[in-house]
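Here is the structure we will look at.
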There are 2 protein chains.
Amino acid sequence: MPKNCNFIEKLREVGLRPTKQRIKMCEVLYNREDTFHFTINDLVKMISEEMNEKISLATVYNTVHAFEKKGYLKEISINSDKSYFDTNTSAHHHFFDEDTHQLIDCDKSDIDKINIRKNITGKKINSVEVLVRVASDNQTQK
Amino acid sequence: MPKNCNFIEKLREVGLRPTKQRIKMCEVLYNREDTFHFTINDLVKMISEEMNEKISLATVYNTVHAFEKKGYLKEISINSDKSYFDTNTSAHHHFFDEDTHQLIDCDKSDIDKINIRKNITGKKINSVEVLVRVASDNQTQK
DNA sequence: CAATAGTTTAGAATTATTATAATGTAGATT
DNA sequence: AATCTACATTATAATAATTCTAAACTATTG
Ligand SMILES: [Mn+2]
Ligand SMILES: [Mn+2]
Ligand SMILES: [Zn+2]
Ligand SMILES: [Zn+2]
(Lines give C-alpha, C1' and ligand atoms only; values in the text may rest on other atoms or scores of the structure.)
(Ligands and ions follow the chains in the order given, each with its own letter.)
Protein backbone atom coordinates (compact mmCIF):
# COMPACT_ATOMS: atom_id res chain seq x y z
CA MET A 1 0.00 0.00 0.00
CA PRO A 2 1.41 3.38 -0.91
CA LYS A 3 1.88 6.04 1.71
CA ASN A 4 -0.97 8.51 2.12
CA CYS A 5 -3.18 6.74 -0.37
CA ASN A 6 -6.92 6.55 -0.03
CA PHE A 7 -7.20 3.69 2.41
CA ILE A 8 -11.00 3.69 2.23
CA GLU A 9 -10.81 3.09 -1.50
CA LYS A 10 -8.04 0.51 -1.13
CA LEU A 11 -10.03 -1.45 1.40
CA ARG A 12 -13.18 -1.38 -0.71
CA GLU A 13 -11.18 -2.51 -3.75
CA VAL A 14 -10.47 -5.85 -2.08
CA GLY A 15 -13.90 -6.22 -0.52
CA LEU A 16 -13.08 -5.12 3.00
CA ARG A 17 -15.39 -2.62 4.66
CA PRO A 18 -13.48 0.49 5.63
CA THR A 19 -14.16 0.44 9.33
CA LYS A 20 -12.65 2.89 11.79
CA GLN A 21 -10.33 0.17 13.06
CA ARG A 22 -9.11 -0.92 9.66
CA ILE A 23 -8.43 2.64 8.56
CA LYS A 24 -6.46 3.32 11.74
CA MET A 25 -4.45 0.18 11.16
CA CYS A 26 -3.75 1.22 7.58
CA GLU A 27 -2.45 4.53 8.84
CA VAL A 28 -0.20 2.88 11.40
CA LEU A 29 1.06 0.31 8.91
CA TYR A 30 1.38 2.24 5.66
CA ASN A 31 1.61 5.96 6.39
CA ARG A 32 5.36 5.98 6.79
CA GLU A 33 8.47 6.33 4.74
CA ASP A 34 9.74 2.76 4.99
CA THR A 35 8.26 -0.67 5.20
CA PHE A 36 8.85 -2.56 8.41
CA HIS A 37 8.52 -5.86 10.21
CA PHE A 38 6.39 -6.43 13.26
CA THR A 39 4.79 -8.91 15.59
CA ILE A 40 1.16 -8.63 16.67
CA ASN A 41 2.38 -7.35 19.99
CA ASP A 42 4.49 -4.64 18.34
CA LEU A 43 1.47 -3.57 16.33
CA VAL A 44 -0.85 -3.39 19.32
CA LYS A 45 1.72 -1.21 21.06
CA MET A 46 2.05 1.04 18.01
CA ILE A 47 -1.69 1.47 17.76
CA SER A 48 -2.11 2.48 21.37
CA GLU A 49 0.95 4.75 21.34
CA GLU A 50 0.82 6.46 17.95
CA MET A 51 -2.96 6.71 17.85
CA ASN A 52 -5.19 7.30 20.81
CA GLU A 53 -7.24 4.36 19.71
CA LYS A 54 -7.83 1.11 21.47
CA ILE A 55 -8.42 -1.77 19.08
CA SER A 56 -9.20 -5.14 20.58
CA LEU A 57 -6.59 -7.82 20.24
CA ALA A 58 -9.00 -10.04 18.34
CA THR A 59 -9.55 -7.32 15.77
CA VAL A 60 -5.84 -6.78 15.36
CA TYR A 61 -5.41 -10.49 14.65
CA ASN A 62 -8.43 -10.55 12.34
CA THR A 63 -7.31 -7.50 10.43
CA VAL A 64 -3.71 -8.57 10.07
CA HIS A 65 -4.87 -11.87 8.63
CA ALA A 66 -7.40 -10.13 6.39
CA PHE A 67 -4.69 -7.80 5.07
CA GLU A 68 -2.38 -10.76 4.59
CA LYS A 69 -5.00 -12.65 2.60
CA LYS A 70 -5.55 -9.61 0.41
CA GLY A 71 -1.83 -9.24 -0.22
CA TYR A 72 -1.30 -6.10 1.84
CA LEU A 73 0.91 -7.91 4.35
CA LYS A 74 3.28 -10.84 4.25
CA GLU A 75 4.04 -13.33 6.98
CA ILE A 76 7.72 -14.15 7.47
CA SER A 77 8.97 -17.66 8.19
CA ILE A 78 10.89 -17.65 11.40
CA ASN A 79 10.68 -20.49 13.73
CA SER A 80 9.97 -18.58 16.80
CA ASP A 81 7.20 -18.64 19.29
CA LYS A 82 5.50 -15.75 17.51
CA SER A 83 4.64 -14.67 13.99
CA TYR A 84 6.35 -11.86 12.16
CA PHE A 85 4.70 -9.74 9.49
CA ASP A 86 6.07 -7.46 6.83
CA THR A 87 4.54 -4.41 5.18
CA ASN A 88 6.93 -4.99 2.29
CA THR A 89 4.92 -7.44 0.22
CA SER A 90 7.39 -7.79 -2.63
CA ALA A 91 9.41 -11.00 -2.89
CA HIS A 92 12.55 -10.48 -0.85
CA HIS A 93 14.79 -12.23 1.63
CA HIS A 94 15.73 -11.58 5.24
CA PHE A 95 18.40 -11.48 7.81
CA PHE A 96 17.27 -12.40 11.28
CA ASP A 97 19.33 -11.11 14.15
CA GLU A 98 19.13 -13.82 16.77
CA ASP A 99 20.36 -11.46 19.50
CA THR A 100 17.79 -8.72 19.02
CA HIS A 101 15.12 -10.70 17.15
CA GLN A 102 15.10 -8.03 14.47
CA LEU A 103 14.39 -8.73 10.82
CA ILE A 104 16.39 -6.91 8.16
CA ASP A 105 15.48 -6.87 4.48
CA CYS A 106 17.86 -8.13 1.86
CA ASP A 107 17.61 -6.28 -1.37
CA LYS A 108 18.07 -7.83 -4.77
CA SER A 109 21.77 -7.00 -4.93
CA ASP A 110 22.45 -8.89 -1.68
CA ILE A 111 21.43 -12.35 -2.86
CA ASP A 112 21.31 -13.74 -6.39
CA LYS A 113 18.00 -14.93 -7.74
CA ILE A 114 17.38 -18.47 -6.47
CA ASN A 115 17.00 -21.03 -9.19
CA ILE A 116 15.03 -24.13 -8.16
CA ARG A 117 15.86 -27.13 -10.31
CA LYS A 118 13.71 -29.68 -8.55
CA ASN A 119 10.00 -29.70 -9.10
CA ILE A 120 7.42 -31.65 -7.23
CA THR A 121 4.75 -33.14 -9.45
CA GLY A 122 1.31 -31.64 -9.04
CA LYS A 123 2.66 -28.87 -6.85
CA LYS A 124 3.39 -25.31 -7.76
CA ILE A 125 5.86 -23.04 -6.00
CA ASN A 126 4.18 -20.42 -3.84
CA SER A 127 7.27 -18.71 -2.50
CA VAL A 128 11.02 -19.04 -2.24
CA GLU A 129 12.45 -17.42 0.81
CA VAL A 130 15.95 -17.21 2.17
CA LEU A 131 16.51 -16.62 5.85
CA VAL A 132 20.01 -15.71 6.96
CA ARG A 133 20.41 -16.04 10.70
CA VAL A 134 23.07 -13.82 12.18
CA ALA A 135 24.30 -13.30 15.70
CA SER A 136 26.92 -11.38 17.56
CA ASP A 137 30.43 -12.45 16.63
CA ASN A 138 31.51 -12.98 20.22
CA GLN A 139 28.70 -15.23 21.34
CA THR A 140 29.39 -18.77 20.23
CA GLN A 141 33.14 -18.57 20.68
CA LYS A 142 35.07 -17.27 23.75
CA MET B 1 24.57 -39.54 14.20
CA PRO B 2 25.40 -42.62 12.18
CA LYS B 3 23.05 -45.58 12.17
CA ASN B 4 23.79 -48.33 14.72
CA CYS B 5 26.61 -46.43 16.32
CA ASN B 6 27.36 -46.58 20.01
CA PHE B 7 24.82 -44.12 21.31
CA ILE B 8 26.10 -44.41 24.86
CA GLU B 9 29.52 -43.28 23.69
CA LYS B 10 28.09 -40.55 21.48
CA LEU B 11 26.06 -39.14 24.34
CA ARG B 12 28.99 -39.17 26.72
CA GLU B 13 31.15 -37.46 24.11
CA VAL B 14 29.01 -34.35 24.31
CA GLY B 15 28.49 -34.49 28.06
CA LEU B 16 25.02 -35.99 28.14
CA ARG B 17 24.39 -38.86 30.51
CA PRO B 18 23.26 -41.92 28.60
CA THR B 19 19.93 -42.42 30.29
CA LYS B 20 17.41 -45.06 29.25
CA GLN B 21 15.23 -42.35 27.73
CA ARG B 22 18.00 -40.71 25.72
CA ILE B 23 19.22 -44.02 24.34
CA LYS B 24 15.69 -44.97 23.29
CA MET B 25 15.32 -41.63 21.58
CA CYS B 26 18.62 -42.10 19.77
CA GLU B 27 17.41 -45.43 18.49
CA VAL B 28 14.13 -43.97 17.26
CA LEU B 29 15.84 -40.99 15.67
CA TYR B 30 19.02 -42.42 14.23
CA ASN B 31 18.68 -46.18 13.77
CA ARG B 32 17.17 -45.93 10.31
CA GLU B 33 18.24 -45.75 6.71
CA ASP B 34 17.23 -42.15 6.00
CA THR B 35 17.11 -38.92 7.88
CA PHE B 36 13.67 -37.44 8.44
CA HIS B 37 11.71 -34.47 9.67
CA PHE B 38 9.39 -34.52 12.64
CA THR B 39 7.39 -32.54 15.14
CA ILE B 40 7.47 -33.26 18.85
CA ASN B 41 4.09 -34.88 18.48
CA ASP B 42 5.34 -37.14 15.68
CA LEU B 43 8.25 -38.17 17.85
CA VAL B 44 6.13 -38.95 20.88
CA LYS B 45 3.95 -41.14 18.67
CA MET B 46 6.99 -42.91 17.21
CA ILE B 47 8.38 -43.61 20.67
CA SER B 48 5.20 -45.15 21.95
CA GLU B 49 4.57 -47.13 18.77
CA GLU B 50 8.02 -48.36 17.74
CA MET B 51 9.27 -48.87 21.29
CA ASN B 52 7.20 -50.07 24.18
CA GLU B 53 8.51 -47.19 26.17
CA LYS B 54 6.64 -44.25 27.61
CA ILE B 55 8.77 -41.13 27.84
CA SER B 56 7.21 -38.10 29.41
CA LEU B 57 6.46 -35.18 27.15
CA ALA B 58 8.72 -32.91 29.18
CA THR B 59 11.62 -35.30 28.64
CA VAL B 60 10.98 -35.46 24.93
CA TYR B 61 11.12 -31.67 24.77
CA ASN B 62 14.20 -31.54 27.00
CA THR B 63 16.02 -34.19 25.02
CA VAL B 64 15.18 -32.77 21.62
CA HIS B 65 16.53 -29.43 22.71
CA ALA B 66 19.59 -31.04 24.28
CA PHE B 67 20.29 -32.93 21.05
CA GLU B 68 19.74 -29.76 19.06
CA LYS B 69 22.20 -27.83 21.22
CA LYS B 70 24.77 -30.57 20.77
CA GLY B 71 24.32 -30.55 17.00
CA TYR B 72 22.54 -33.90 16.69
CA LEU B 73 19.30 -32.28 15.51
CA LYS B 74 18.39 -29.18 13.57
CA GLU B 75 15.30 -27.05 13.93
CA ILE B 76 13.65 -25.99 10.68
CA SER B 77 12.21 -22.52 10.16
CA ILE B 78 8.60 -22.78 9.19
CA ASN B 79 6.07 -20.31 10.24
CA SER B 80 3.65 -22.75 11.64
CA ASP B 81 2.08 -23.25 15.00
CA LYS B 82 4.58 -25.99 15.79
CA SER B 83 8.31 -26.64 15.53
CA TYR B 84 9.87 -29.01 13.03
CA PHE B 85 13.11 -30.86 13.59
CA ASP B 86 15.47 -32.63 11.25
CA THR B 87 17.82 -35.55 11.86
CA ASN B 88 19.78 -34.37 8.83
CA THR B 89 22.10 -31.85 10.45
CA SER B 90 24.03 -30.92 7.33
CA ALA B 91 23.35 -27.55 5.71
CA HIS B 92 20.52 -28.07 3.25
CA HIS B 93 17.31 -26.47 2.04
CA HIS B 94 13.67 -27.52 2.10
CA PHE B 95 10.43 -27.71 0.28
CA PHE B 96 7.39 -27.37 2.48
CA ASP B 97 4.16 -28.82 1.18
CA GLU B 98 1.47 -26.52 2.49
CA ASP B 99 -1.24 -29.08 1.80
CA THR B 100 0.25 -31.98 3.73
CA HIS B 101 2.65 -30.04 5.99
CA GLN B 102 5.46 -32.32 4.87
CA LEU B 103 9.06 -31.20 4.62
CA ILE B 104 11.18 -32.45 1.73
CA ASP B 105 14.94 -32.09 1.54
CA CYS B 106 16.59 -30.29 -1.33
CA ASP B 107 19.90 -31.69 -2.26
CA LYS B 108 22.83 -29.68 -3.48
CA SER B 109 21.94 -30.13 -7.14
CA ASP B 110 18.48 -28.63 -6.61
CA ILE B 111 19.55 -25.15 -5.53
CA ASP B 112 22.80 -23.33 -6.26
CA LYS B 113 24.96 -22.31 -3.36
CA ILE B 114 23.60 -19.04 -1.96
CA ASN B 115 26.05 -16.18 -2.05
CA ILE B 116 25.37 -13.45 0.51
CA ARG B 117 26.89 -10.13 -0.50
CA LYS B 118 25.61 -8.06 2.39
CA ASN B 119 27.26 -8.31 5.75
CA ILE B 120 26.07 -6.89 9.02
CA THR B 121 28.84 -5.39 11.10
CA GLY B 122 29.63 -7.25 14.29
CA LYS B 123 27.41 -10.15 13.27
CA LYS B 124 28.38 -13.48 11.84
CA ILE B 125 26.21 -15.70 9.70
CA ASN B 126 24.91 -18.72 11.58
CA SER B 127 22.87 -20.28 8.80
CA VAL B 128 21.48 -19.64 5.36
CA GLU B 129 18.28 -21.49 4.69
CA VAL B 130 15.95 -21.54 1.74
CA LEU B 131 12.34 -22.56 2.21
CA VAL B 132 10.33 -23.27 -0.92
CA ARG B 133 6.63 -23.39 -0.18
CA VAL B 134 4.65 -25.53 -2.57
CA ALA B 135 0.98 -26.37 -2.80
CA SER B 136 -1.38 -28.27 -5.01
CA ASP B 137 -1.65 -26.75 -8.47
CA ASN B 138 -5.43 -26.60 -8.45
CA GLN B 139 -5.86 -24.79 -5.18
CA THR B 140 -5.35 -21.08 -5.70
CA GLN B 141 -6.89 -20.96 -9.14
CA LYS B 142 -10.31 -22.30 -10.27
C1' DC C 1 28.40 -47.82 49.16
C1' DA C 2 27.38 -42.96 49.95
C1' DA C 3 27.24 -38.35 47.97
C1' DT C 4 26.09 -35.33 44.31
C1' DA C 5 24.97 -33.38 40.21
C1' DG C 6 22.24 -34.22 36.48
C1' DT C 7 17.69 -36.21 34.79
C1' DT C 8 12.92 -37.50 34.59
C1' DT C 9 8.30 -36.69 35.58
C1' DA C 10 3.34 -35.15 36.34
C1' DG C 11 1.19 -31.48 36.44
C1' DA C 12 0.75 -26.47 36.53
C1' DA C 13 1.85 -22.19 34.19
C1' DT C 14 2.69 -19.48 30.23
C1' DT C 15 1.96 -17.60 25.80
C1' DA C 16 0.47 -16.96 21.19
C1' DT C 17 -3.37 -17.62 18.74
C1' DT C 18 -8.18 -18.85 17.59
C1' DA C 19 -13.13 -19.54 18.67
C1' DT C 20 -17.53 -17.84 20.57
C1' DA C 21 -21.37 -15.28 20.75
C1' DA C 22 -23.24 -10.96 21.80
C1' DT C 23 -23.23 -6.22 20.25
C1' DG C 24 -22.25 -2.76 16.76
C1' DT C 25 -22.05 -0.76 12.12
C1' DA C 26 -21.41 -0.04 6.88
C1' DG C 27 -23.81 -0.13 3.02
C1' DA C 28 -27.86 -1.60 0.59
C1' DT C 29 -33.00 -1.55 0.27
C1' DT C 30 -37.03 0.32 1.00
C1' DA D 1 -34.28 8.79 6.33
C1' DA D 2 -35.67 4.46 8.49
C1' DT D 3 -34.89 -0.32 8.13
C1' DC D 4 -32.43 -4.35 7.04
C1' DT D 5 -28.64 -7.48 6.78
C1' DA D 6 -24.30 -9.17 6.21
C1' DC D 7 -20.05 -8.15 7.87
C1' DA D 8 -17.06 -6.46 11.96
C1' DT D 9 -15.71 -5.70 16.58
C1' DT D 10 -15.27 -7.03 21.15
C1' DA D 11 -14.57 -9.27 25.70
C1' DT D 12 -13.89 -13.39 27.07
C1' DA D 13 -13.18 -18.31 26.89
C1' DA D 14 -10.88 -22.04 24.68
C1' DT D 15 -6.95 -24.22 22.51
C1' DA D 16 -2.48 -25.87 21.79
C1' DA D 17 2.45 -25.75 21.84
C1' DT D 18 5.85 -25.11 24.89
C1' DT D 19 8.15 -24.14 29.30
C1' DC D 20 8.36 -24.21 34.29
C1' DT D 21 8.30 -26.39 38.90
C1' DA D 22 9.62 -29.10 42.36
C1' DA D 23 9.68 -33.69 43.90
C1' DA D 24 11.40 -38.31 42.88
C1' DC D 25 14.97 -40.83 40.51
C1' DT D 26 19.60 -42.29 38.69
C1' DA D 27 24.30 -42.13 36.56
C1' DT D 28 28.61 -41.16 37.98
C1' DT D 29 32.33 -40.03 41.31
C1' DG D 30 35.01 -40.75 45.28
MN1 LIG E 1 -1.33 -16.48 8.94
MN1 LIG F 1 14.67 -24.63 20.00
ZN1 LIG G 1 11.00 -7.75 4.82
ZN1 LIG H 1 15.88 -31.67 6.01
Side-chain angles (χ1 to χ4, degrees), chain A residues 6-28 37-48 51-70 72-73 75-85 101 103, chain B residues 6-28 37-48 51-70 72-73 75-85 101 103:
Chain A
N6 188 340
F7 295 127
I8 296 183
E9 272 313 302
K10 280 281 178 191
L11 289 169
R12 285 217 187 89
E13 270 175 29
V14 294
L16 293 174
R17 286 189 184 170
T19 62
K20 198 170 56 194
Q21 293 84 347
R22 284 171 177 166
I23 294 163
K24 279 286 168 212
M25 285 180 65
C26 282
E27 288 167 359
V28 172
H37 308 101
F38 63 91
T39 65
I40 295 288
N41 213 337
D42 295 338
L43 184 53
V44 168
K45 219 172 284 173
M46 290 171 72
I47 292 165
S48 68
M51 309 283 164
N52 283 13
E53 206 68 36
K54 225 158 283 165
I55 300 179
S56 89
L57 185 61
T59 298
V60 176
Y61 271 101
N62 288 341
T63 303
V64 163
H65 284 129
F67 286 7
E68 186 195 2
K69 196 172 298 173
K70 300 304 183 180
Y72 290 151
L73 284 176
E75 197 168 359
I76 309 290
S77 296
I78 293 170
N79 207 329
S80 171
D81 42 353
K82 59 189 94 187
S83 284
Y84 285 74
F85 294 90
H101 282 203
L103 275 164
Chain B
N6 188 341
F7 296 126
I8 295 182
E9 271 314 302
K10 281 280 178 188
L11 288 170
R12 285 217 186 89
E13 269 174 30
V14 295
L16 293 174
R17 285 189 185 170
T19 62
K20 197 170 58 194
Q21 293 86 344
R22 284 171 176 165
I23 294 163
K24 280 284 168 212
M25 283 180 67
C26 282
E27 287 167 359
V28 172
H37 308 102
F38 63 92
T39 64
I40 294 289
N41 212 337
D42 295 339
L43 183 54
V44 167
K45 217 172 286 172
M46 289 171 72
I47 293 164
S48 68
M51 309 283 163
N52 283 13
E53 207 68 37
K54 225 159 286 167
I55 301 180
S56 88
L57 185 59
T59 299
V60 176
Y61 272 101
N62 289 342
T63 305
V64 163
H65 284 131
F67 286 7
E68 186 194 3
K69 194 172 301 173
K70 299 304 183 181
Y72 290 152
L73 283 177
E75 196 169 0
I76 309 289
S77 296
I78 294 169
N79 206 325
S80 172
D81 44 351
K82 59 189 94 183
S83 285
Y84 286 74
F85 294 89
H101 282 201
L103 275 164

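Naming convention: chains lettered A, B, ... in sequence-line order (proteins, then strands); numbering from 1 in each chain.
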Just N and O in the side chain of [X]: are any of them under 4.0 Å from OP1 or OP2 of [N]?
{"X": "A/Thr59", "N": "D/dA8", "result": "no"}
{"X": "B/Arg12", "N": "D/dT28", "result": "yes"}
{"X": "A/Arg22", "N": "D/dT9", "result": "yes"}
{"X": "A/His65", "N": "C/dT18", "result": "yes"}
{"X": "B/Gln21", "N": "D/dT26", "result": "no"}

Interatomic distance, [X] [atom1] vs [N] [atom2] [rounded to whole Å]:
{"X": "A/Lys69", "N": "D/dC7", "atom1": "NZ", "atom2": "P", "answer": "13 Å"}
{"X": "A/Ile23", "N": "C/dT25", "atom1": "CD1", "atom2": "C1'", "answer": "12 Å"}
{"X": "B/Lys54", "N": "D/dC25", "atom1": "NZ", "atom2": "C1'", "answer": "19 Å"}
{"X": "B/Asp81", "N": "C/dT18", "atom1": "CG", "atom2": "C1'", "answer": "11 Å"}
{"X": "B/Leu57", "N": "C/dT7", "atom1": "CG", "atom2": "P", "answer": "18 Å"}
{"X": "B/Leu11", "N": "D/dT26", "atom1": "CG", "atom2": "C1'", "answer": "15 Å"}
{"X": "B/Ile8", "N": "D/dT26", "atom1": "CD1", "atom2": "C1'", "answer": "14 Å"}
{"X": "B/Met25", "N": "C/dT7", "atom1": "CE", "atom2": "P", "answer": "13 Å"}

Side chain of [X] only, heavy atoms from C-beta on: which candidate in [options] is closest?
{"X": "A/Thr19", "options": "C/dT9, C/dA16, D/dT9", "value": "D/dT9"}
{"X": "A/Ser83", "options": "D/dT18, C/dT17, C/dA10", "value": "C/dT17"}
{"X": "A/Tyr61", "options": "C/dA16, D/dT9, D/dA8", "value": "C/dA16"}
{"X": "A/Lys82", "options": "C/dA16, D/dT18, D/dA27", "value": "C/dA16"}
{"X": "A/Arg17", "options": "C/dT25, D/dT28, D/dT10", "value": "C/dT25"}

Query - Check against side chain to side chain contact (heavy atoms under 4.5 Å, CB included), A/Phe85 and A/Ile40 - result: CA-CA 8 Å; A/Phe85 294 90; A/Ile40 295 288; 4.0 Å; yes
Report summary line: Distance col, row A/Met25:CE vs A/Phe67:CZ, nearest 0.5 angstrom, shows 5.5 Å
Report task. Look at all strands and tell whether A/Asn62 reaches a base, only sugar-phosphate, or nothing, counting heavy atoms closer than 4.0 Å. Result -> base
Query raised in the report: Do A/Thr39 and A/Asp42 have side-chain N/O donor and acceptor atoms under 3.5 Å apart?
Result: yes
Query raised in the report: For DNA chain D, whose closest nucleotide is more 5', that of B/Ala58 or that of B/Pro18?
Result: B/Ala58
Requested in this report: Could you walk me through whether B/Leu16 and B/Lys70 pass side chain to side chain contact (heavy atoms under 4.5 Å, CB included), step by step?
Outcome: CA-CA 9 Å; B/Leu16 293 174; B/Lys70 299 304 183 181; 4.0 Å; yes
Query - Trace of the side chain to side chain contact (heavy atoms under 4.5 Å, CB included) decision for A/Thr59 with A/Thr19 - result: CA-CA 11 Å; A/Thr59 298; A/Thr19 62; over 6 Å; no
